[in-house]
Asks: 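Right, I'll just put the structure down here and ask away after.
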Amino acid sequence: MTDPLQPLATSLRTHPCGALRAEHAGQTVRLGGWVHRSRDLGGLVFIDLRDRAGLVQVSFDPATSPAHVIAAATSAGVESVVLVEGTVALRPEQMRNKEMASGDVEVRATSFTVVGPAVTPAIPVARGKGEKMPAEELRLRHRHLDLRRPELQANLVLRHRLMQATRRFLSDRGYLELETPILTKPTPEGARDFLVPSRMHAGEMFALPQSPQIYKQLFMMSGLDRYFQIARCFRDEDLRADRQLEFTQIDIEASFVGREDVMVMAEGLVHALWAEGGHAIKVPFPRITYADAMERYGCDRPDLRYALEIRDVTAAFAPLDFVVTKSAIAAGGRVRGIVIPGGGGWSRKQVDELEALAKSAGASGLLRVKRTGTEYEGPIAKFLDDAAKSALALNDGELGLFVAGPDRTANPALDRVRQECAARLNLADDKALAFTWVVDFPMFDQDPETKALAAVHHPFTSPNPDDMKARPGAPESWRAAGADVRAARHHGPGRAGAALRLPARGAAGGGPAARRDRLRLRPDRDAARRRDLAARRDRLPQDDGGPRPVRGGTHAGARRGPA
RNA sequence: GGGGGCGUAGCUCAGUUUGGUUAGAGCACUCGACUGUCACUCGAGAGGUCGCGGGUUCGAGCCCCGUCGCUCCCGCCA
């Protein structure tokens with residue numbers, strides 16, 4: 001690959017500042033940049049000059065720089081835009097700076113011109129080690145200053161490279177980069193549309209698409225076969241730290257493909273993108289079914305960097321004369337929980353905190369028992385007979401935490417407790433990514449009271465064809481023909497590994513009426529969707545998949561997080 | 001829509017618990033000193049409607065009421 005900085009030479013400069021290295025020693029160079037920081041030692045002055053490529057130290061020494069040049073450098077304020085001419089010189093051995101990419105050299109200035117004198121910046125650009133960032137509001141108000149920071153520029157550069165890598169990868173595999181309209185009719189998706197008033201049609205609104213769901217399928221019906229788009233998406237929901245009004249997603253659709261084709265392609269793209277970012281990740285990703293994930297981790301996006309798996313101990317509690325578990329089991333629930341090595345040493349207060357967590361997630365309580373030697377302690381210990389003790393299989397020093405009740409409430413509670421325990425025990429490897437596929441999601445979630453069905457994912461995923469054939473009258477039991485990529489979250493600003501989601505897609509299943517019902521279409525609205533469904537009668541290519549969106553990490557300069 | 005937190009110098013923050021002299025620190029800024037620094041160092045200086053409005057009080061940055069802004073969480077959201 002050609003050096004991406006090489007073309008930066010112009011009639012005014014010979015090199016970008018940050019590109020200078022020992023190999024340039026002896027050359028006369030002209031530079032343009034911003035005064036990042038300066039150090040006046042009295043007669044000897046240093047300026048760290050900054051541009052997009054990085055920093056370089058410019059020295060102003062009476063032995064090499066004319067007096068008026070030194071005077072000009074002395075009075076130049078930080079963030080002034082300057083032009084410098086000088087000679088690249090190797091620094092004396094002791095004066096090299098290993099923390100600076102250009103730290104082996106400096107530019108000995110023979111000429112110095114301030115082309116843009118700066119006022120004191122409203123927020124500091126150069127930041128010392130350990131200094132905090134200004135408030136988000138101020139950073140956004142003075143965005144031009146904020147974006148001068150090398151770390152933010154690095155984000156934008158990475159974003160650019162990821163986009164180029166995406167285009168390269170997909171184009172090489174026959175995907176066409178096509179665009180779909182931004183101003184559309186409102187659609188019955190999950191997130192609320194951004195609405196834009198129309199001048200020509202007073203009282204009516206356009207909607208900005210939360211994602212380009214609809215029109216891309218026209219491409220498939222039309223026979224374009226493979227499409228992708230690095231698409232801007234919009235949603236009018238309340239914000240969170242990791243949720244933005246607008247964001248970018250890589251949207252892909254393909255025809256004549258099966259689930260394996262989609263998964264292999266998606267793994268390849270994820271692999272290529274992380275490789276571009278300097279991370280080697282292993283493919284294929286391990287796979288886990290939704291049912292397995294819920295059973296072992298209580299969560300459809302388990303953090304697989306650590307085990308701490310959920311156990312079913314219903315059999316141990318079933319014979320016991322203990323009202324809590326007895327009534328839960330009688331009502332069709334189970335008793336499940338996790339066993340924590342070393343948890344026996346946790347204080348009453350620490351365990352109470354876990355119980356509060358479980359309760360806030362919907363559990364009625366958290367049963368606890370710890371084993372010390374042959375002794376069992378805790379509120380439920382007195383109910384345990386020898387058979388139950390051996391069934392629990394607690395080792396010395398271990399703490400057992402259990403939830404009794406229906407999976408529907410126990411799962412989220414156990415998930416929260418498991419994650420908190422892992423955090424306390426520092427079980428997760430910060431550097432690990434733990435990519436995994438979660439497959440065989442249920443198609444629908446059924447409200448236990450109203451029996452109403454709601455799509456677990458977006459409602460346009462195809463049901464598993466085998467399930468549809470086997471139990472045509474029981475859509476609540478169907479699995480979806482989709483799969484999600486999950487990655488354990490990283491913690492810390494700017495390092496969030498995105499949660500990637502790649503549900504496959506297709507028709508909603510059932511007849512047109514059932515589809516309409518499931519999609520919650522209103523006959524008087526949703527014209528675009530109705531037209532789409534109608535067009536399906538003209539036949540889609542066999543299609544259980546065009547993965548939707550690889551999400552996350554592509555929105556420049558902003559805090560990143562799972563979508 | 002609901003709940004919590006915050007708002008003091010250009011920036012980051014102490015000070016509010018228990019009201020009491022002239023509201024402080026670090027960085028940045030200005031001036032001065034300093035010839036190998038790299039968050040240079042040292043000395044001096046300037047810089048404040050304590051978010052805004054009202055109230056209680058002899059006296060409010062501090063207590064009370066209202067209001068605006070920011071932020072986090074729940075709801076919502078893929």
Side-chain angles (χ1 to χ4, degrees), chain A residues 36-50 55-65 70 73-75 77-79 89 91-106 108 118-142 145-146 189-194 210-211 213 233-245 247 249 251 300-301 360-362 438 441 454-461 480 482 484-486 498-503 505 547-552 559 561-563:
Chain A
H36 189 66
R37 224 193 296 271
S38 64
R39 295 171 290 280
D40 178 357
L41 276 63
L44 177 63
V45 179
F46 297 100
I47 285 180
D48 292 339
L49 197 63
R50 184 194 70 234
L55 291 169
V56 70
Q57 174 169 279
V58 182
S59 69
F60 300 81
D61 188 314
T64 47
S65 303
I70 296 178
T74 303
S75 60
V78 292
E79 295 310 313
R91 297 199 202 178
E93 194 67 44
Q94 281 82 4
M95 312 305 167
R96 295 186 181 175
N97 186 344
K98 288 192 173 57
E99 290 176 24
M100 201 183 249
S102 64
D104 287 341
V105 297
E106 65 185 7
R108 299 195 170 141
V119 295
T120 303
I123 57 173
V125 174
R127 202 162 49 110
K129 292 163 191 157
E131 276 181 23
K132 286 190 180 177
M133 283 284 205
E136 181 103 31
E137 188 189 2
L138 292 168
R139 293 178 56 192
L140 292 172
R141 185 179 305 161
H142 307 285
L145 295 174
D146 202 40
E189 309 273 347
R192 279 170 289 204
D193 289 316
F194 257 106
Q210 51 192 281
S211 61
Q213 297 282 338
C233 304
F234 309 88
R235 54 182 171 191
D236 191 12
E237 296 290 346
D238 288 351
L239 299 181
R240 287 290 169 80
D242 59 355
R243 193 199 291 165
Q244 301 151 272
L245 296 173
F247 56 96
Q249 69 183 26
D251 192 65
D300 67 2
R301 44 184 304 164
S360 75
V438 178
F441 274 78
V456 169
H457 274 33
H458 65 80
F460 307 119
T461 307
D484 281 11
V485 175
R486 305 298 204 194
L500 305 183
R501 301 171 181 204
L502 302 165
R505 55 181 313 116
R548 190 147 81 117
V550 175
R551 285 229 156 137
R559 290 173 298 187

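Chain naming here is simple, since letters A, B, ... match the order of the sequence lines and numbering starts at 1 in each.
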Asks: Does the structure show a Watson-Crick or G-U wobble partner for B:A39, both distances under 3.5 Å? Name it, or say none.
Replies: none
Asks: Could you tell me how far apart A:F234 (CZ) and B:C77 (P) are, to the nearest whole angstrom?
Replies: 20 Å
Asks: Considering every strand and a 4.0 Å limit on heavy-atom distances, what is the contact class for A:E79: base, sugar-phosphate, or nothing?
Replies: nothing
Asks: In this structure, how many angstroms lie between the C1' atom of B:C29 and the CD1 atom of A:I123, rounded?
Replies: 16 Å
Asks: Side-chain N or O of A:R39 versus OP1/OP2 of B:U37: is the shortest distance under 4.0 Å?
Replies: no
Asks: Counting only Watson-Crick or G-U wobble pairs whose two distances fall under 3.5 Å, which nucleotide matches B:G1?
Replies: B:C74
Asks: Regarding A:G43, tell me which of base, sugar-phosphate or nothing describes its non-hydrogen contacts under 4.0 Å with the strands shown.
Replies: nothing
Asks: Which residue, A:M133 or A:G77, contacts RNA chain B at a nucleotide closer to its 5' end, judged by nearest heavy atom?
Replies: A:M133
Asks: For B:G66, which nucleotide is its Watson-Crick or G-U wobble mate, given both distances must be under 3.5 Å?
Replies: B:C52
Asks: To the nearest 0.5 Å, tell me how far A:F46 CZ sits from A:D40 CG.
Replies: 10.5 Å
Asks: Rounding to the closest angstrom, what is the interatomic distance between B:G59 and B:G5 at atom C1'?
Replies: 30 Å
Asks: Using whole Å, report how far CG of A:D61 lies from P of B:U35.
Replies: 11 Å
Asks: Taking B:A14 as the reference, what is the distance to B:A78 when you measure between their P atoms (whole Å, please)?
Replies: 38 Å
Asks: Can you tell me whether the side chain of A:R127 and the base of B:U12 have a donor-acceptor pair closer than 3.5 Å?
Replies: no
Asks: Between the base of B:C38 and the side chain of A:N97, is there a donor-acceptor distance below 3.5 Å?
Replies: yes
Asks: Quick one, A:L49 and A:H36 - any side-chain contact, counting heavy atoms below 4.5 Å?
Replies: no
Asks: Expressed as a whole number of Å, how far does the C1' atom of B:G53 sit from that of B:U12?
Replies: 29 Å
Asks: Nearest-Å distance, CG (A:L138) to P (B:C27)?
Replies: 21 Å
Asks: When only distance counts, do a donor and an acceptor, one from the side chain of A:E136 and one from the base of B:U71, lie under 3.5 Å apart?
Replies: no
Asks: Using a heavy-atom cut-off of under 4.0 Å over every strand shown, decide if A:Q94 touches base, sugar-phosphate, or nothing.
Replies: nothing
Asks: Between A:A122 and A:L44, who's closer to the 5' end of RNA chain B by nearest nucleotide?
Replies: A:A122
Asks: May I have the distance from A:F46 (atom CZ) to B:U41 (atom P), rounded to whole angstrom?
Replies: 14 Å
Asks: Taking atom CZ of A:F60 and atom CD1 of A:I47, what is their separation to the nearest 0.5 Å?
Replies: 4.0 Å
Asks: Can you tell me how far CZ of A:R108 sits from OG of A:S59, rounded to the nearest 0.5 angstrom?
Replies: 5.5 Å
Asks: Return the value, rounded to whole Å, for the distance between atom CG of A:L41 and atom P of B:U35.
Replies: 8 Å
Asks: If you measure from the P atom in B:U22 to the same atom in B:C27, how many Å do you get, rounded?
Replies: 28 Å
Asks: Using the P atom in both, what is the distance from B:U30 to B:U16, to the nearest Å?
Replies: 34 Å
Asks: Identify whether any heavy atom of A:A135 sits under 4.0 Å from a base atom; if not, whether one sits that close to sugar-phosphate; answer base, sugar-phosphate or nothing.
Replies: sugar-phosphate
Asks: B:U18 and B:C63: how far apart are their P atoms, nearest whole angstrom?
Replies: 9 Å
Asks: Nearest 0.5 Å, please: how far is CG in A:D104 from CD in A:E93?
Replies: 8.5 Å
Asks: Verify whether one side chain among A:R37 and A:Q57 offers a donor that lies under 3.5 Å from an acceptor in the other.
Replies: no
Asks: Between A:R37 and B:C40, is there a contact of a side-chain N or O with OP1 or OP2 at under 4.0 Å?
Replies: yes
Asks: What's the closest nucleotide to the A:P124 side chain, out of B:U37, B:C11, B:C27?
Replies: B:C11
Asks: Quick check on B:C11: is either OP1 or OP2 less than 4.0 Å from any side-chain nitrogen or oxygen of A:K132?
Replies: no
Asks: Using whole Å, report how far CZ of A:R108 lies from P of B:U37.
Replies: 14 Å
Asks: How long is the gap from CZ on A:R141 to CD on A:E136, to the nearest 0.5 Å?
Replies: 12.5 Å
Asks: On a whole-Å scale, what distance lies between the C1' atoms belonging to B:C11 and B:A39?
Replies: 15 Å
Asks: If I take atom CD in residue A:E137 and atom P in nucleotide B:C72, what distance separates them, rounded to the nearest angstrom?
Replies: 12 Å
Asks: Once rounded to the nearest 0.5 Å, what's the spacing between atom OG1 of A:T64 and atom CD1 of A:I70?
Replies: 7.0 Å
Asks: Before giving the answer on side chain to side chain contact (heavy atoms under 4.5 Å, CB included), spell out for A:V45 and A:R39 the whole-Å C-alpha distance, their side-chain angles and the decisive distance to 0.1 Å.
Replies: CA-CA 6 Å; A:V45 179; A:R39 295 171 290 280; over 6 Å; no
Asks: How far does the C1' atom of B:A28 sit from the matching atom of B:A9, given to the nearest Å?
Replies: 11 Å
Asks: Go ahead and name the base partner of B:U12; Watson-Crick or wobble counts if both distances stay under 3.5 Å, otherwise write none.
Replies: B:A25
Asks: Yes or no on side chain to side chain contact (heavy atoms under 4.5 Å, CB included) for A:N97 and A:R91, after CA distance, side-chain angles and deciding distance?
Replies: CA-CA 9 Å; A:N97 186 344; A:R91 297 199 202 178; 3.8 Å; yes
Asks: N/O contacts under 3.5 Å, protein versus nucleotides 3-9 of chain B?
Replies:
none

